[in-house]
Number of protein chains: 2
Amino acid sequence: MGHLSRFIEPVVLFLLARKGHSYGYDLAAELPGYAFTEAAVDRTALYRCLRQLEAHGHLASHWDLPEAGPARRVYTVTASGRKHLEEWMDVLDRLAGSMVRLVQDARELVCLQESVEDTLTR
Amino acid sequence: MGHLSRFIEPVVLFLLARKGHSYGYDLAAELPGYAFTEAAVDRTALYRCLRQLEAHGHLASHWDLPEAGPARRVYTVTASGRKHLEEWMDVLDRLAGSMVRLVQDARELVCLQESVEDTLTR
DNA sequence: GCTTTTAGGTGCAAGCGACACCTAGTCGCA
DNA sequence: TGCGACTAGGTGTCGCTTGCACCTAAAAGC
């Protein structure tokens, strides 16, 4: 099926909106809880996603220098980002709807064809 | 959101399973009814998808030479293809589930944050 | 001192996708 | 009888995305 890195964008926006602010390494740990695939998300994909969202104005960032440990690039969601998140939700809503419709129709078809096959061989 | 050509594969398998047999040009006309995106599916992506499914043994094909009109490459789903379709349905089922969960949680969050904002400004 | 953990990257080859383009048969119509 | 529209199935290629390997650097544990 591939790895669907594109789809980490809405998850990142959601997690950041819920947490208020966070940074790449921390988000990487929380992604699996909402990720669409079981496959582990590539960390470089996450970093690139964050940079891209910032480039589009959906996130703002600043460096946080904790007393202990390496520096963190801390992100927050902008007004534009919140709007983008809601657009994503509309898209995912329709997408999920199309998927369940296909799954239902396909499973119905399989049942139907199995029962036909059954009556023929009996 | 991108163009999600990867996701025409399960739709193609389903349509072929339902119709019994068909060919590229005909499937192209039926795809929009089950496609995940509103965007028109690129015909070259469909042809390449069919060739790839055949290469993996999920489809079988033969040339149909109608009395009138150009030749058609007619495809049918193999046993392996039916199995592959069922696997796809499991994947899409979980995928759709993850999506609706995210959408629900995100919309709940938006409502919550709006009501908090509301009480603060009032 | 050495490894592990935290943190944020870069570089590049391979793959994928979108578009332009090509061949070829049939039909309608002017 | 020429021409465009429709049916049918492709190829070639450029650019963007993705996945993997790799790199830097600070702190903490052994």
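Across the protein-nucleic acid pair, A:Asp26 atom CG and C:dA7 atom P stand 8 Å apart, rounded to whole Å. Rounding to whole angstrom units, CG of residue B:Asp64 and P of C:dG25 are separated by 16 Å. The distance from atom CD1 of B:Ile8 to atom C1' of C:dG17 is 11 Å, rounded to the nearest whole Å. For A:Leu65 and D:dA27, the CG to C1' distance is 14 Å, given to the nearest whole Å. Between A:Tyr75 atom OH and C:dG9 atom C1' there is a gap of 10 Å when expressed in whole angstrom units. Following rounding to the nearest Å, A:Glu9 (CD) and D:dT17 (P) show an atom-to-atom distance of 11 Å. With rounding to whole Å, A:Tyr25 atom OH is found 17 Å from D:dA26 atom P. Between B:Leu27 atom CG and D:dA8 atom C1' there is a gap of 13 Å when expressed in whole angstrom units.
Sorted by first and then second residue, the pairs that involve residues 10-34 of chain A and meet ring pair (Phe, Tyr, Trp, His ring centres under 6.0 Å), not counting sequence neighbours, are A:Phe14-A:Tyr34.
Residue-level contact check: A:Ala45 touches neither bases nor backbone, having no heavy atom under 4.0 Å from any strand.
Side-chain contact between A:Leu109 and A:Gln104 is absent, with no heavy-atom pair separated by less than 4.5 Å.
Along DNA chain C, the nucleotide nearest A:Gly69 and the nucleotide nearest B:Pro70 are compared for position; the residue whose nucleotide lies closer to the 5' end is A:Gly69. DNA chain D is contacted by both A:Thr44 and A:Pro66; A:Thr44 maps to the nucleotide lying nearer its 5′ end (nearest heavy atom per residue). Residue order along DNA chain D, read from the 5' end via each residue's closest nucleotide, puts A:Asp42 first among A:Asp42 and A:Glu67.
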>> Before you tell me yes or no, could you show the steps for A:Arg107 and B:Glu86 under salt bridge (Lys or Arg N to Asp or Glu O under 4.0 Å), namely the whole-Å CA-CA distance, both residues' side-chain angles and the distance that decides it to 0.1 Å?
In response: CA-CA 8 Å; A:Arg107 286 192 172 146; B:Glu86 289 184 48; over 6 Å; no

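Contact between the side-chain N/O atoms of B:Arg43 and the OP1/OP2 oxygens of D:dG10 is not found at any separation under 4.0 Å. Side-chain N/O atoms of A:Arg51 include one lying less than 4.0 angstrom from OP1 or OP2 on C:dG9. A:Tyr47 has no side-chain polar atom (N or O) that falls below the 4.0 Å cut-off from OP1 or OP2 of C:dG9. Residue A:Tyr23 places at least one side-chain N or O closer than 4.0 Å to OP1 or OP2 of C:dA7. Contact check, B:Arg73 against D:dG9: no side-chain N or O comes under 4.0 Å of OP1 or OP2.
Using a cut-off of 4.0 Å between Lys/Arg side-chain N and Asp/Glu carboxylate O, A:Arg72 and A:Asp26 are scored as not salt-bridged.
Checking side-chain atoms of B:His58 against main-chain N and O of B:Glu54 turns up no donor-acceptor pair under 3.5 Å.
Out of D:dT7, D:dG10, C:dG9, the shortest distance to the side chain of A:Trp63 is found at C:dG9.
Applying the 3.5 Å distance criterion, the base of D:dG19 shares a donor-acceptor pair with the side chain of A:Arg48.
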